[in-house]
Amino acid sequence: SIRLALAKLIWAGSTRDFAALLDSFQEMGLQLNRDDPEKDIQGLFYLFRETVPAEQGRAEMSERMAARQRQRSLAQQTRKQGGSTTQQEASPKEVVESFPSELVMFGRVVMML
């Protein structure tokens, strides 16, 4: 059921268990157009991180956004030079193919807490 899949998702993130993470995605019906469980685990760690003061949180978010921007610009330069890029770098906005509504509701509830 979806509750078990959500519990498995949280557990997989906290223990860095890639196989359990992929199983939880499959059980809840989340279909991704990429296969990079390491980035998924990092995203879960970031999503469920410890509460920090506002200034520290803003600094962490700025660092994360700057790193993502550097990665995208590097991929863009590689494409301009004729080099090969991965599927994920070529279309970063089309990662999720199917997103279960229960996961959206879970995310909203977590964000309100």
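Scope of the values below: all heavy atoms of this structure, side chains included, with no hydrogens, waters or symmetry mates.
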**Student:** For residues 59-67, dump all side-chain donor-acceptor pairs below 3.5 Å to protein atoms at least two apart in sequence or in another chain.
**Tutor:**
from	atom 1	to	atom 2	distance (Å)
E60	OE2	Q56	NE2	3.4
S62	OG	R58	O	3.0

**Student:** Measuring from I10:CD1 to L44:CG, what's the distance to the nearest 0.5 Å?
**Tutor:**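 With rounding to 0.5 Å, CD1 (I10) is 6.5 Å from CG (L44).
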
**Student:** For residues 4-25, which residue pairs qualify under side-chain hydrogen bond (donor to acceptor under 3.5 Å, both in side chains), counting only residues two or more places apart or in two chains?
**Tutor:**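 Matches after skipping sequence neighbours: K8-E27.
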
**Student:** Show every donor-acceptor pair shorter than 3.5 Å between a side-chain atom in residues 101-108 and any protein atom, with sequence neighbours excluded, or say none if there are none.
**Tutor:**
none

**Student:** Look up atom CG in D40 and atom CZ in F18, then write down how far apart they are to the nearest 0.5 Å.
**Tutor:**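 It comes to 9.0 Å.
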
**Student:** Residues in side chain to side chain contact (heavy atoms under 4.5 Å, CB included) with S1, at least two apart?
**Tutor:**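 For S1 the side chain to side chain contact (heavy atoms under 4.5 Å, CB included) partners, ignoring immediate neighbours, are R3, L4.
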
**Student:** Could you give the distance from CG (L21) to CD1 (I41), rounded to the nearest 0.5 Å?
**Tutor:**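 L21 CG to I41 CD1: 4.5 Å, rounded to 0.5 Å.
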
